[in-house]
Structure formats: C-alpha cells, structure tokens
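No hydrogens, no waters, no symmetry mates; every other heavy atom, side chains included, goes into these values.
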Amino acid sequence: MTLSLTASVPSRGLALELSLAAGERVALLGPNGAGKSTTLDVLAGFLPASGPLLLDGASIGAAPAYRRPIGLLAQQPLLFPHLDVLGNVAFPLEHRRGLERRAARAAAAERLEEFGVGHLARRRPPQLSGGQAQRVALARALAAEPRLLLLDEPLAALDVTAVPEMRRALRAAMEGRMGVVVTHDPLDALLLADRAIVLQDGRIVEDGPVTRVLSAPTSDFARSLLEQSPWLAAADLTALRARLA
C-alpha cells in the first residue's frame with residue numbers, strides 16, 4: 001500500500017509532493033501557518049487541490065471526504081452530541097461500510113473494548129473526560145478500517161496526565177498502517193513517526209528519518225526545536241524511542 005500526493009493550493013500557499021510507503025508513519029513539523037493542517041485537509045478531502053492523489057496507484061483525489069478510505073483524529077474529538085458513545089463508533093460502520101445496524105453496533109462494541117472504553121458505551125459525549133473522548137474518537141476513526149490515518153495534534157488539548165496513555169493508544173493504532181501526524185511536540189514525532197517532514201511556507205524544507213531530523217536538523221525550524229528541547233541533543237533518540245514504545 002502506497003500513497004502519493006502532488007498538491008497545489010495557491011490560496012493557502014501550499015505546493016508540495018508527498019509520498020508514503022506501506023506502513024510508513026510521517027510527522028509533519030513546522031511553524032504555525034506552514035501548511036501542515038492544510039496538507040491534512042487536502043488528504044482528507046476537505047480542501048480541493050490541483051494535482052493527483054493516488055492510493056495504491058488509484059486516484060482518489062476526486063472522491064468526497066466520506067468516500068475516502070481515510071480516518072482523521074483532530075485536536076477536538078468532534079463526537080456527535082446527539083449519539084451515545086456506541087452510536088458514534090457505529091456511525092461510520094453503517095454509513096461507510098454499509099453494515100446493518102445490529103452488526104454495526106456489535107462491531108463498534110468490540111472496537112470500544114479494544115481501546116478500554118467499552119464501559120462508556122451508553123454515555124453521551126458531554127459525560128466523558130478529555131482522554132475518554134479522544135479514545136472514543138480514535139475508535140470511531142478506525143472503525144471503518146481506514147488505509148490511511150491522519151492525526152492533527154490529537155494530544156494538544158489533553159490534560160498532561162492523559163497524554164502518555166493516549167500516546168500509547170495512538171502508537172498501537174498506527175502500527176502497520178500508513179499515517180500522517182501533525183504535531184509541535186518532538187516527543188510525539190519521535191514516538192509516533194518513522195520519518196519527519198518539515199514544512200515552511202507551504203514547501204518541504206527537510207525530510208528524513210525522525211531520529212536524524214530531531215538530532216541533526218538542517219532546517220531552521222527543526223534547529224529551533226533542538227534549541228528549545230535540550231534533551232534531544234543529550235539523548236540517544238533511537239534508544240529512547242525503543243524504551244518508551
């Protein structure tokens with residue numbers, strides 16, 4: 001499974017080429033306004049762009065968002081407030097995979113158990129903590145078995161105590177699956193991605209293994225990360241990554 005994107009969005013100043021190999025996870029780094037979330041919007045189908053988008057050689061650029069085999073998890077869970085937790089996760093199973101209601105809810109219950117929130121099935125979104133809501137949103141994003149998972153700073157809005165557990169859940173969810181994660185946190189990039197791409201003004205200015213980009217950067221932004229996080233320079237990032245995985 002491979003992904004290839006050539007995208008131009010003049011109104012957002014975006015012009016880039018991006019490719020992912022089977023099972024590869026990429027972190028998009030860069031300052032605010034660099035084009036990270038715009039890239040995710042193009043991939044997800046929320047923003048039109050000129051240029052081809054190919055998944056396994058087949059064009060999906062003209063497909064609407066709900067028809068793309070792509071899951072998205074954003075900063076906010078964006079759960080449907082009128083549905084309970086089970087209904088939220090069952091929704092894509094019914095409307096994207098075409099399962100009948102009973103089968104969709106049974107599959108949704110299994111997915112909730114996988115993420116440790118099966119006991120919350122009958123609750124409504126306002127009754128969930130931030131970490132619980134993000135786990136439910138992740139279960140929903142994965143319910144339709146997407147071939148590509150997009151993460152748009154999914155840990156940024158969480159209480160610091162909920163971050164480590166959610167990070168582990170995300171890492172498990174991305175195992176063996178193509179994924180793109182937008183983050184400002186070098187630790188998230190290190191633990192969730194194999195490769196790091198740095199964007200500046202809608203262009204790619206650095207691209208390489210995440211351990212190399214974080215420890216020996218060539219772009220101004222990645223160098224600033226190193227300066228702001230001295231532990232990056234002092235740590236054996238490969239060993240740290242293995243220990244915290």
Participant: Does the R195 side chain pair with the main chain of V210, one donor and one acceptor, at a distance under 3.5 Å?
Facilitator: no
Participant: What pairs of donor and acceptor atoms, side-chain ones from residues 41-56 against any protein atom, are under 3.5 angstrom apart with sequence neighbours left out?
Facilitator:
from	atom 1	to	atom 2	distance (Å)
S50	OG	S8	O	3.3
D56	OD1	T2	N	2.7
D56	OD2	R147	NH2	3.0

Participant: Heavy-atom count around E145 CD within 6.0 Å, excluding the residue itself: above 12?
Facilitator: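 More than 12 heavy atoms, drawn from other residues, nucleotides or ligands, come within 6.0 Å of this atom.
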Participant: What residues, two or more places apart in sequence or in another chain, satisfy side-chain contact (heavy atoms from CB on, under 4.5 Å) together with P230?
Facilitator: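 Scan of P230 (side-chain contact (heavy atoms from CB on, under 4.5 Å), adjacent residues dropped) gives none.
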Participant: Nearest heavy-atom pair of G13 and R203: which atoms, and what distance?
Facilitator: O-NH1, 2.9 Å
Participant: Decide salt bridge (Lys or Arg N to Asp or Glu O under 4.0 Å) for R25 and D194; before the verdict, give the C-alpha distance in whole Å, the side-chain angles of both, and the deciding distance to 0.1 Å.
Facilitator: CA-CA 5 Å; R25 299 165 299 179; D194 311 300; 3.0 Å; yes
Participant: Are any of the side-chain nitrogens in R111 or E114 under 4.0 Å away from the carboxylate oxygens of its partner?
Facilitator: yes
Participant: Using only atom types and a distance under 3.5 Å, with no angle test, would you say the side chain of E100 pairs donor to acceptor with the backbone of R102?
Facilitator: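 Here the side-chain-to-backbone pair exists.
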Participant: Decide yes or no on side chain to side chain contact (heavy atoms under 4.5 Å, CB included) for L29 and L199, but give the supporting numbers first.
Facilitator: CA-CA 6 Å; L29 306 173; L199 298 182; over 6 Å; no
Participant: Run the salt-bridge test on K36 and E153 with the 4.0 Å N-O cut-off and return the result as yes or no.
Facilitator: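 No salt bridge links K36 with E153.
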Participant: How close do E113 and G118 get, heavy atom to heavy atom, and via which atoms?
Facilitator: OE2-CA, 3.4 Å
Participant: For the residue pair I70 and R96, what are the closest heavy atoms and their distance?
Facilitator: O-NH1, 3.3 Å
Participant: If we ignore hydrogens and angles and just use 3.5 Å, is the side chain of S229 paired with the main-chain N or O of W231 as donor and acceptor?
Facilitator: no
Participant: If you measure from the Lys or Arg side-chain nitrogens to the Asp or Glu carboxylate oxygens, is any gap between D84 and R124 under 4.0 Å?
Facilitator: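 Salt bridge flag = no for R124 with D84.
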Participant: For E17, is the CD atom crowded, meaning more than 12 foreign heavy atoms sit under 6.0 Å from it?
Facilitator: no
Participant: At what distance, to the nearest 0.5 angstrom, does CZ of R167 lie from CG of L191?
Facilitator: 5.5 Å
Participant: When you measure from the side chain of R97 to the backbone N and O of A143, does any donor-acceptor pair fall under 3.5 Å?
Facilitator: yes
Participant: List the atom of L237, the atom of T211, and the distance in Å for their closest heavy-atom pair.
Facilitator: CD1-O, 3.7 Å
Participant: Mind listing the closest non-hydrogen atom pair of P146 and G71 along with its distance?
Facilitator: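 Smallest interatomic distance, heavy atoms only, reads CB-N, 3.3 Å.
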Participant: Would you call E206 and R212 a salt bridge, using N to O less than 4.0 angstrom?
Facilitator: yes
Participant: Answer yes if the side chains of T161 and D159 hold a donor-acceptor pair under 3.5 Å, and no otherwise.
Facilitator: yes
